[in-house]
Protein chains: 2
Amino acid sequence: MRLNLHTDYALRILMYLATKSDQASVDEIAGAFRISRNHLMKVARSLVELQLIEARRGRSGGFALAVAPEAINVGFVVRKLESLESFVECFDRGSNNCPVAGACGLQGALNGALAAFLDKLDEYMLSDLLPDRNRFLRQLKAFDQAPNSPKTSPIAA
Amino acid sequence: MRLNLHTDYALRILMYLATKSDQASVDEIAGAFRISRNHLMKVARSLVELQLIEARRGRSGGFALAVAPEAINVGFVVRKLESLESFVECFDRGSNNCPVAGACGLQGALNGALAAFLDKLDEYMLSDLLPDRNRFLRQLKAFDQAPNSPKTSPIAA
DNA sequence: TTATAGATGTATCTCAAATACCACTTAATG
DNA sequence: CATTAAGTGGTATTTGAGATACATCTATAA
């Protein structure tokens, strides 16, 4: 049981953009966290489709929050990005091949537990994840200047 | 985000043994659900190590519950079988490479949500998952006799 | 006005981990 | 002692994360 990296990265993008309160390119964000630029781009696409961020193409383009951090719900993001229909085989009507479906309380128990999980996340807005934005930026900057740092250093700007 | 098949299978073994309230071989259980015998054996091993079931080798051997269904907690099983330290990168002190650890509230939020998930499962005992054991057995039997059924039919016995 | 740099966007390949399968060994009992 | 079942190690397969490469768009500088 693992949160998809896709969702993890999505939340990092949102936190980064919220902290910067300005647009940023995928290269910048990928460099800041030292993660795959191309994978991050795919994640950013998902966020665009969810209308949580906006993309501007071309030179001086980038991504920016489309909604205020106070209005972005963490549970919403996780619900949208995690394909919870396949949390366990019997959740997926299509591929379910479990012979005891209906006679087994596991489905209901897991469903309730998953609901509790999401309900808890619903209590958080993006802004709640960033209690100290200065510290957030400071740590990213320190990381950028640490050994093994990527060639680009757009954070310093 | 998916529950490992390993955990799913573990719960199926437990439910099967509880319903039968007798010992059963891995072949029997694998046949009943039409899932991999060898994989299921590995899962059964995990349950033996957790002392939830007992193994008897040799002819007329098999697996049987080591604890009453009313005393096996679903949350306990899931906690033991799912490696939740790697639920998200920053949970694992060893491999965590996130530069904003400490300045980011995501870790706390996810931790709380995961706790809510497990707490919910703690409300269920194995016996709660089996409200109608006759129906459970009936469906398994029907599945066994359906087309594409495996050659062995130990359920009929 | 046009070339170019800097950005988003997309198609495809590689690799690792989870899962499934296979062959074999060991143990117990009828 | 033959049979049935647990137990083990190794190998194939599948799936999704991540990497690579390339295509497309647009502001800006010459």
Side-chain angles (χ1 to χ4, degrees), chain A residues 1-10 12-13 17 22-31 33-49 53-64 66 81-83 85-89 92 95 97 150-154 157, chain B residues 1-10 12-13 17 22-49 53-64 66 81-83 85-89 92 95 97 150-152 154 157:
Chain A
M1 183 170 163
R2 266 196 64 152
L3 196 74
N4 286 336
L5 210 49
H6 198 85
T7 307
D8 184 2
Y9 284 3
R12 294 199 204 186
I13 292 174
L17 293 178
D22 189 12
Q23 74 170 21
S25 75
V26 160
D27 278 313
E28 175 179 338
I29 304 174
F33 289 101
R34 289 190 208 167
I35 56 185
S36 157
R37 180 234 173 232
N38 297 276
H39 192 203
L40 204 63
M41 172 61 84
K42 287 181 192 172
V43 178
R45 291 300 316 149
S46 306
L47 290 174
V48 170
E49 276 155 33
I53 66 177
E54 282 167 347
R56 281 184 55 202
R57 302 188 64 161
R59 190 166 176 166
S60 83
F63 292 101
L81 295 181
E82 294 286 325
S83 50
E85 326 81 57
S86 57
F87 178 70
V88 69
E89 186 185 330
D92 188 8
S95 70
N97 197 33
K151 44 275 159 215
T152 59
S153 299
Chain B
M1 184 169 162
R2 265 196 63 155
L3 197 73
N4 286 335
L5 212 49
H6 198 84
T7 307
D8 185 2
Y9 284 3
R12 294 199 204 185
I13 292 175
L17 293 177
D22 190 12
Q23 73 171 18
S25 73
V26 160
D27 278 313
E28 175 179 339
I29 305 175
F33 289 101
R34 288 190 209 170
I35 56 185
S36 156
R37 181 243 174 218
N38 296 277
H39 191 204
L40 203 63
M41 171 61 85
K42 286 172 186 170
V43 177
R45 292 300 316 150
S46 306
L47 290 174
V48 170
E49 276 155 33
I53 66 177
E54 281 167 347
R56 281 185 56 202
R57 303 184 64 159
R59 189 163 177 170
S60 85
F63 293 100
L81 294 181
E82 293 286 326
S83 49
E85 326 81 56
S86 57
F87 178 69
V88 70
E89 186 185 328
D92 187 8
S95 71
N97 198 33
K151 43 277 159 210
T152 60

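Chain naming here is simple, since letters A, B, ... match the order of the sequence lines and numbering starts at 1 in each.
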Atom CG of Leu40(B) and atom P of dA5(D) are separated, to the nearest Å, by 15 Å

Of dA11(C), dG6(C), dT8(C), the nucleotide closest to the side chain of Arg59(A) is dG6(C)

Tell me, do Phe63(A) and Glu28(A) make a side-chain contact under 4.5 Å, heavy atoms counted?
no

In whole angstroms, the gap separating P of dT4(D) from CD of Gln23(B) amounts to 15 Å

**Distance-only donor-acceptor test (3.5 Å): side chain Arg56(A), base dT8(C)** = no

Using only modelled atom types and a 3.5 angstrom limit, is any donor from either the side chain of Lys42(B) or the base of dG10(D) paired with an acceptor on the other?
yes

One pair to check against side-chain contact (heavy atoms from CB on, under 4.5 Å): Leu17(B) and Ile29(B). What are the steps and the verdict? CA-CA 9 Å; Leu17(B) 293 177; Ile29(B) 305 175; 4.3 Å; yes

- Query: Reckon Arg37(B) touches a base, only the sugar-phosphate, or nothing at all at heavy-atom distances under 4.0 Å?
  - Reply: base

Taking the side chain as every heavy atom from C-beta outward, state whether Tyr9(A) and Ile35(A) have any atom pair closer than 4.5 Å. yes

Which of dA5(C), dG10(D), dG30(C) is nearest the side chain of Ser60(B)? It is dG30(C)

Next item on the list: Compare side-chain N and O positions of Tyr9(B) against OP1 and OP2 of dA18(C) and report whether any pair is under 4.0 Å apart.
Entry: no

Q) Does a side-chain heavy-atom distance below 4.5 Å link Leu81(B) with Asn4(B)? A) no

Please determine whether any donor N or O and acceptor N or O are separated by less than 3.5 Å between the side chain of Asn38(A) and the base of dA21(D). yes

DNA chain D nearest-nucleotide lookup for Gly58(A) and Gly62(B): closer to the 5′ end is Gly62(B)

Any N or O donor-acceptor pair under 3.5 Å from the base of dT26(C) to the side chain of Arg57(B)? yes

